[in-house]
Amino acid sequence: MKYYSTNRKAPLADLRKAVVKGLAEDRGLYMPERIEQLPKAFFDNIQDMPFQDIAYNVAANFFGEDVDPDALQDIVYDTLSFDCPVVKVTDNIYTLELFHGPTLAFKDVGARFMARLLGYFLRQGAGAVCGEAAATNGTVNVLVATSGDTGSAVANGFLGVEGIHVYVLYPKGKVSPIQECQFTTLGQNITAIEVDGVFDDCQALVKSAFMDEELNRHMMLTSANSINVARFLPQAFYYFNAYARMKAMGKADQLVMCVPSGNFGNICAALFGREMGLPIKRFIAANNANDVFYNYLQTGQYEPRPSVQTLANAMDVGDPSNFARIYTLYGQSHEHISQLISGATYQDEQIRETMRQCYNETGYTLDPHGACGFRALQEGLHEGEVGVFCETAHPAKFKEKVDDILNTDIDIPARLKAFMEGEKQSVPMSRDFADFKRYLMQR
Ligand SMILES: *Cc1c(COP(=O)(O)O)cnc(C)c1O
């Protein structure tokens, strides 16, 4: 399979290049040249298949030409070492719980898959893709700047994967203790770098490193950005699983899938699933106060704006990268997009209200992101439809906020507690690129 850029000015890439490089030369996002329909027999039997088998079929549809089948099966099975169950919340609203992975958020699925696929390509000699850097010792160095959640998903996804070293750059004192411990206590092939600055300084250090020729001759550098095809496409797996579990209950005839969205990677994967034949009737993109996509649906104009800070902070995005993928997928047709996807946007006060109402009436604890999804279904379902919304993170990741809103003392899952008991290790760093470069040149 070849991958083209949404900007259409870069050469076609094979999967290996798309994964190692992440972004095309013209700064566009890679798209698979073709999306194959899965066979009818697959959908006829899907309700009887386990999650990992379903996921392998979906993975083979995209990656089967480029990855050896046994290796792909290992990658998928190893990625999905946890379940993504569907849980009933009300008569016609179900939640797809995506927080059973190591860092309790859906990003675990994409990060774990990408780490394993990159590891596979390295064993095949991915150095060729990086040109001169092939002369280095063969280790690929992943640089990732984080304001909290991406760092933990990427660090844990790559933990222990041979041939890869991860450097997580985070702003000193600007990340919550729960988030910080998820990437500073791991050791092994993960190094946390505590930058004396803000998130933008971390991002600037990473960008400068990618552009520095001497450094790139010294070591092979790559990013694990969420727009990478190997992080984004695997997110389709759990939508097929949700359909299978709903079908087994006889609830899948008019399924509406609602995705709390920020950068729109997660919903984009669901849309790719539908193009592969997944029978989802329509989609709802639930936003917090950052309503650029919502406004696009209403007006046909895409007008990015600086993001505003909200309770559901992982969705504070003012210019969602994956809009370009959705726009390209549907031939730039506003009519097509707005027929298939509707939108919703909620202020913090509405998020709080929804969390309280759901907790009091159903006993289910929503996190602030999932709350947007739940409310969009409550307000947006039509007669006869059944809705599934993604719970994109475990409420305990936002324990202070959730306890404050619900007046509860929610339990912290054991795997989150285990991080909190680990010993913090980090490398202090100034925000001056010369210091960061000197550090990397000695590695
Ligand atoms: C990243 C994230 C989102 C947004 O997902 P996108 O793919 O960027 O739309 C929603 N909720 C949580 C908890 C997240 O971490």
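Both counts, for ligands and for their atoms, begin at 1 and track the order of listing. In what follows, every heavy atom counts, from backbone to side chain, and hydrogens, waters and symmetry copies are set aside.
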In short, side-chain hydrogen bond (donor to acceptor under 3.5 Å, both in side chains) pairs touching residues 268-278 with sequence neighbours left out are Glu275-Tyr330
Please give the N or O to N or O pairs under 3.5 Å between ligand 1 and the protein, distances rounded to 0.1 Å.
| from | atom 1 | to | atom 2 | distance (Å) |
| --- | --- | --- | --- | --- |
| ligand 1 | 7 (O) | Gly265 | N | 3.2 |
| ligand 1 | 7 (O) | Asn266 | N | 2.9 |
| ligand 1 | 8 (O) | Asn263 | N | 2.8 |
| ligand 1 | 9 (O) | Gly262 | N | 2.8 |
| ligand 1 | 9 (O) | Asn263 | N | 3.2 |
| ligand 1 | 9 (O) | Phe264 | N | 2.8 |
| ligand 1 | 11 (N) | Thr392 | OG1 | 2.8 |
| ligand 1 | 15 (O) | Lys107 | NZ | 2.5 |

Non-neighbouring partners of Asp78 that pass salt bridge (charged side-chain N to carboxylate O under 4.0 Å, His left out), sequence neighbours left out
Arg116
Which side-chain hydrogen bond (donor to acceptor under 3.5 Å, both in side chains) pairs, counting each pair once, include a residue from residues 49-61, with sequence neighbours left out?
Asp53-Tyr77
Would a line drawn from the ring center of His369 to the ring center of Phe398 be shorter than 6.0 Å?
yes
Heavy-atom pair with the smallest gap, counting every atom of Leu104 and Asp108:
N-OD2, 3.3 Å
For the rings on Tyr4 and Tyr30, is their centre-to-centre separation under 6.0 Å?
no
